[in-house]
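What follows is a short report on a single structure.
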Amino acid sequence: MNEKPQAKILVVFADTIRKIPKGKVATYGQIAAAAGFPGAARQVVRALHAYHGLPWHRVVGAGGAIRVPGEDALEQRLRLEMEGVTFRGLRVDLDRHQFRFRR
DNA sequence: TCCGTGACGCGAT
DNA sequence: CATCGCGCCACGG
């Protein structure tokens with residue numbers, strides 16, 4: 001029952017996502033890069049599906065766009081606004097809420 | 001094994 | 001600002 005090497009990557013992404021503080025957001029691509037895998041934005045999505053308890057609502061698309069499909073999009077927005085995150089039209093105001101990972 | 005799919009991103013139009 | 005096209009890549013049917 002050996003583990004797939006990919007599982008490792010998902011753990012790294014999960015840890016990275018957990019670092020996003022309340023009231024802040026990070027983009028899929030930003031998370032991938034911060035975790036050491038620039039360009040692996042799609043893998044970030046896999047991590048979100050694979051792990052429970054992650055602050056999934058704090059993950060947005062490039063430019064602050066809500067990318068979650070269907071009704072969940074509204075829930076994400078509400079959760080964010082609940083934390084004080086503001087929007088500019090349909091996108092999160094990244095200038096004010098984008099989280100900066102430490103290097 | 002092949003092929004369509006997707007909570008992506010970015011440059012071009 | 002809205003769309004489109006293309007690269008990317010693990011998954012699942």
Side-chain angles (χ1 to χ4, degrees):
Chain A
M1 56 165 266
N2 37 348
E3 293 179 32
K4 304 172 182 177
Q6 281 309 129
K8 283 260 185 189
I9 300 177
L10 296 188
V11 173
V12 178
F13 285 144
D15 287 335
T16 303
I17 294 170
R18 270 188 277 269
K19 293 178 181 175
I20 308 171
K22 198 171 60 162
K24 290 289 180 181
V25 302
T27 67
Y28 298 91
Q30 188 195 350
I31 291 168
F37 296 87
R42 300 195 106 114
Q43 295 307 85
V44 174
V45 175
R46 298 231 152 278
L48 286 172
H49 276 293
Y51 293 84
H52 270 298
L54 294 179
W56 62 274
H57 58 290
R58 307 211 261 248
V59 183
V60 299
I66 296 293
R67 302 288 277 187
V68 173
E71 296 301 307
D72 293 329
L74 175 61
E75 188 186 328
Q76 179 171 19
R77 176 160 185 153
L78 291 177
R79 284 185 174 229
L80 287 174
E81 294 182 323
M82 201 98 94
E83 300 184 348
V85 175
T86 59
F87 286 68
R88 289 187 44 147
L90 299 174
R91 11 182 16 307
V92 169
D93 186 336
L94 293 183
D95 289 332
R96 302 211 311 152
H97 310 288
Q98 179 167 48
F99 178 59
R100 313 285 180 175
F101 289 95
R102 300 282 183 155
R103 176 167 55 80

- Task: Measure the distance from CD1 on A/I66 to P on B/dG9 and round it to the nearest whole Å.
- Result: 12 Å
- Query: So, A/E75 and A/R79, do they make that salt bridge, N to O below 4.0 Å?
  - Reply: yes
- Among residues 35-46 of chain A, which residues get a heavy atom nearer than 4.0 Å to DNA chain C? A/R42, A/Q43, A/R46
- Task: Would you mind reading off the distance between A/L90 atom CG and C/dA2 atom C1', rounded to a whole angstrom?
- Result: 12 Å
- Task: Identify which one of A/I17, A/T16, A/D15 satisfies the side chain to side chain contact (heavy atoms under 4.5 Å, CB included) criterion when paired with A/L54.
- Result: A/I17
- Expressed in angstrom and rounded to an integer, what is the separation of A/L74 atom CG from B/dA7 atom P? 18 Å
- Axial cation check for A/F87 ring with A/R77, 6.0 Å and 45° limits: yes
- Message: Under a plain distance cut-off of 3.5 Å, with no hydrogens placed, do A/H97 and A/E83 share a side-chain donor-acceptor pair?
- Response: no
- Query: Of the nucleotides C/dA10, B/dA7, B/dC10, which has the atom closest to the A/A62 side chain?
  - Reply: B/dC10
- Query: To the nearest angstrom, how far is A/Q6 atom CD from C/dC9 atom C1'?
  - Reply: 9 Å
- Message: Around atom CZ of A/R18, are there more than 12 heavy atoms from other residues, nucleotides or ligands closer than 6.0 Å?
- Response: yes
- Message: What is the distance, to the nearest angstrom, from the CZ atom on A/R91 to the P atom on B/dG9?
- Response: 12 Å
- About how many Å separate OH of A/Y51 and CZ of A/F13, when rounded to the nearest 0.5 Å? 11.0 Å
- Whole-Å distance, A/K8 NZ to C/dA10 C1', equals 19 Å
- Message: I need the CD1-C1' distance between A/I9 and C/dC8, as an integer number of Å.
- Response: 13 Å
- For A/F13 and B/dC8, give me the distance from atom CZ to atom C1', rounded to whole Å. 12 Å
